[in-house]
Amino acid sequence: MLDIKLIRENPEKINELLKRRNPELSIDKVLEIDADRRKIQAEADELRSKRKNESQKIGMMKKNGENTDAIQEEVRALGDEIKALEEKQVELDNAQKDLLLHIPNIPDETTPIGKSEDDNPTVSTWGEPTKFDFEFKPHWDLCEEKNLVDFERGVKLSQSRFTLYRGKGAKLERAIIQFFLDLHTEKHGYEEILPPFMANAATMTGTGQLPKFKEDMYKCVDEDLYLIPTAEVPVTNIYAGEILSEDDLPKYMTAYTPCFRREAGSAGKDTRGLIRVHQFNKVEMVKLTTPESSPEEHEKLTQDAEQCLKMLGLPFRRVALCTADIGFSANKCYDLEVWLPSYNNYKEISSCSNYGDYQARRANIRYRNKEGKLQFVHTINGSGLAVGRTFAAIVENFQQADGTILIPEVLQKYMGTDRI
RNA sequence: GGAAAAGUGGCCGAGUCGGCUGAAGGCGGCACCCUGCUAAGGUGUUAUGUGGAGUAAUCUGCAUCAUGGGUUCGAAUCCCAUCUUUUCCGCCA
C-alpha cells in the first residue's frame, strides 16, 4: 500500500504516476477521508486527554474521602462523547485503509509508459526460435503419445485444467524442480525454503492478493486459509511484522511450491496442454533488500532467472512490462518469455518484479538502518522458473524426428538419461 | 478432540482486593567519563504507531502490556470471545 504521508505531501505527483497505469485511478478520495479522519482524531484525543486528567482527580478525591458523584457523572458524559467520536474514527480509519489496499503501486520512473501489453518493449533476446526439418508436434500431443502426462485422467480426478504427470513425465517435472533449486542455492546464494501451501488472510493481504483478487484464489470452506497462488506469498511474509537489522539484508530465498489459481476469466485461453492449469509447480526467488540496493538486486534476480533458461538451452527474450501491464503491487517488472513452437511465439515463463516498499508496508516488514532508524524493506521476486511451462518448452523445442525428446545436459544427472 | 496453565518493551522478568505504570529491576545496545594491566567501573540514554507545532534539531497530545469486545469516572490489572504457546489425555502419518 502507498504511504499516506507521501500521498498527502505529493498528491499531484502520485496521481500523475497512477494515471500512467490507468487514467481512472486517483487518490483524491483518500485525501478527502484523510482530512476528516485527522480532524476527528484531534477532537477525540483532546477529549481523551481531558477524561484521563479528570479520572485521576477522582482517584485523588476518593483517597481524601471526598464525594465524587457529581464529577463522576460529568466524566461519564464525556465518555459517551468519546465513544461516539471513536466509532466515527474507526469508520474513517477502515474506509481509508480499504481504499489504500485497493490502490496499486505507483510505477517506477523507468517503467515504460504504455496502454496495453502491446506496448511492452523487448529488452533483449537470447538464442533463435527453434527450426525443425520435420513436422513438429505441440507438447500436448507429444506428452500424451509418450504417456508423460495423462490429461484425461487428470480431469477425471479433479476438473478441467488439472494435470496428471506420470512415468518419465513425472520424473522430468521433478528433475526440473531439482535443477532450479540446486542452481539457486548453490550458485546464486539463495536459502531454500519449503513453506506451507496454504496461507491465512493476513498473509494474503501482505503481498497484495487480498482484498482485491479474492476470486482468483481457492479458499478453504471451514478455515481462514487460501491455497497459495505462488510461493511469493508465504516466503515474502516470513518476516511480516518483524524488524530486521541492516546486516540481515539482503535476504535471498528460493522455494519450490505448487501454485493454485482459479484462472477465473481465462476461459478459452491456452486451453490445451500445460500452459494454463489450476495447479502448477514453480520455483520462486524472493529477495528482501534495502531501498538503495533494490534496483540492482532486481536486475540480478532477473539474470538469475535468465540463467535457468540459458543453461537449459531454451531460446527466450526479456520484455519490460509497461505501466498498463505491470502487476498490481509492482513498480517495475520484466517478463521472460520462452520460445514455444506450438504457439509460434514467445510465452511468459517468468515474471520478475520489484515492489519497492509497497508489500513491506502492507506486511509491515521493516529493518533498522545503520543510523538506528526504522525503514520498510524493499521486496523483489521472480519465477526461477515456472516448471510446467519449462517442461512444455523442453518437450517442444528438443523433440526429434524419431519421436524422442533430448534432455538438456544439466538435467541428465537428475534424469539418468539423455533422451526420453 | 478433551483438561489445565500461560501470553508484558530487543531479550529476561516485576506488576493480583483496578487509580500518577508506557510500564520497576536485570541483560543486551548506544553515548560520554574514568582507568594502563588484558577487562572492569561510573553516568546518561535506549519501544512503536498516529495527530499537532517548527525550515530543522526538537517539543507536544493520544493510543498500544497476544487480538477483539465488555464492565468502570478510570484496566496491563476484572469479565467474555478468539488466536497462540506449554503440559497431560485421546487419536494419528
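Labels below follow one simple rule: chain letters A, B, ... track the order of the sequence lines, proteins then strands, and each chain is numbered from 1. Since this is a predicted model, take the numbers as computed values, not measurements.
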(message) Let me check I have this right: for RNA chain B, each base becomes ., (, ), [, ] or |, based on Watson-Crick or G-U pairs with both distances under 3.5 Å. What is the full string?
(response) ((((((((.[[[..)...(.....]]]((((((.......))))))(((((((....))))))).[[[[[..)....]]]]])))))))....
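Looking at residues two or more places apart in sequence or on another chain, you find a ring-ring contact (aromatic ring centres under 6.0 Å, His included) between A:Y165 and A:F391. Every residue was checked against the salt bridge (charged side-chain N to carboxylate O under 4.0 Å, His left out) condition with A:E242, not counting sequence neighbours, and none meets it. Take A:M198 and apply the side-chain contact (heavy atoms from CB on, under 4.5 Å) test, not counting sequence neighbours, and it matches A:C220, A:L225, A:L227. Partners of A:F162 under the ring-ring contact (aromatic ring centres under 6.0 Å, His included) rule, at least two apart in sequence or in another chain, are A:H278. A:R166 meets the salt bridge (charged side-chain N to carboxylate O under 4.0 Å, His left out) test with A:D150; sequence neighbours excluded. With sequence neighbours excluded, no residue satisfies side-chain contact (heavy atoms from CB on, under 4.5 Å) with A:K63.
Separating the CD atom in A:E91 from the NZ atom in A:K88 is a distance of 5.0 Å, to the nearest 0.5 Å. Atom CG in A:L142 sits 12.5 Å away from atom CG in A:N147 (nearest 0.5 Å). Note that OG1 of A:T289 is 10.5 Å distant from NZ of A:K300, once rounded to the nearest 0.5 Å.
Shown for residues 76-101 of chain A: residues whose heavy atoms fall under 4.0 angstrom of RNA chain B, namely A:R76, A:K83. Near-neighbour residues of RNA chain B inside residues 33-46 of chain A, defined by a heavy atom below 4.0 Å, number-ordered: A:R37, A:R38, A:Q41, A:D45.
Nucleotides B:A23 and B:A14 have their C1' atoms positioned 10 Å apart, rounded to a whole Å. To the nearest whole angstrom, the two P atoms, one in B:C73 and one in B:U84, are 35 Å apart. Rounded to whole Å, the C1' atom of B:A93 lies 31 Å from the corresponding atom of B:G7. Between B:U8 and B:A47, the two C1' atoms lie 12 Å apart (nearest whole Å). Spacing between B:G13 and B:U86 at atom P, rounded to whole Å, works out to 16 Å. Here the separation of B:G44 from B:C80, taken at their P atoms, is 44 Å to the nearest Å. Separation of the P atoms belonging to B:C78 and B:C88 is 28 Å when rounded to the nearest angstrom. B:U43 and B:G19 are spaced 31 Å apart, taking the P atom of each and rounding to whole Å.
One finds a salt bridge joining A:R361 and A:D3 here, because a Lys/Arg side-chain nitrogen approaches an Asp/Glu carboxylate oxygen to under 4.0 Å. By the 4.0 Å N-to-carboxylate-O rule, A:D80 lies too far from A:K83 to be salt-bridged with it.
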Please tabulate, for side-chain N and O atoms in residues 290-299 of chain A, each donor-acceptor pair with protein atoms closer than 3.5 Å (sequence neighbours left out).
residue, atom, partner, partner atom, Å
A:T290, OG1, A:E292, OE1, 3.4
A:T290, OG1, A:S293, N, 3.3
A:T290, OG1, A:S293, OG, 3.0
A:S293, OG, A:T290, O, 3.4
A:S294, OG, A:N354, ND2, 3.2
A:S294, OG, A:H378, ND1, 2.9
A:E297, OE1, A:Y252, OH, 2.6
A:E297, OE1, A:K287, NZ, 2.7
A:E297, OE2, A:Y252, OH, 3.4
A:H298, NE2, A:C352, O, 2.8
A:E299, OE1, A:R318, NH1, 3.4
A:E299, OE2, A:Y334, OH, 2.7

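Listed by first then second residue, pairs satisfying side-chain hydrogen bond (donor to acceptor under 3.5 Å, both in side chains) with a partner in residues 187-206 of chain A read A:H184-A:H188, A:Y190-A:D304, A:N200-A:T203, not counting sequence neighbours.
Looking at heavy-atom distances under 4.0 Å, A:K62 makes contact with a base. Using a 4.0 Å heavy-atom cutoff across all strands shown, A:L374 reaches sugar-phosphate atoms only and no base atom.
Each of A:Q56 and A:E73 was matched to the nucleotide of RNA chain B holding its nearest heavy atom; the match closer to the 5' end belongs to A:Q56.
Here chain A contacts RNA chain B (any atom closer than 4.0 Å to a heavy atom, that is under 4.0 Å), and the contacts span B:G19 to B:G74 from 5' to 3'.
For an aromatic pair to be called close, the ring centres must be under 6.0 Å apart, and A:F213 with A:F328 satisfies this.
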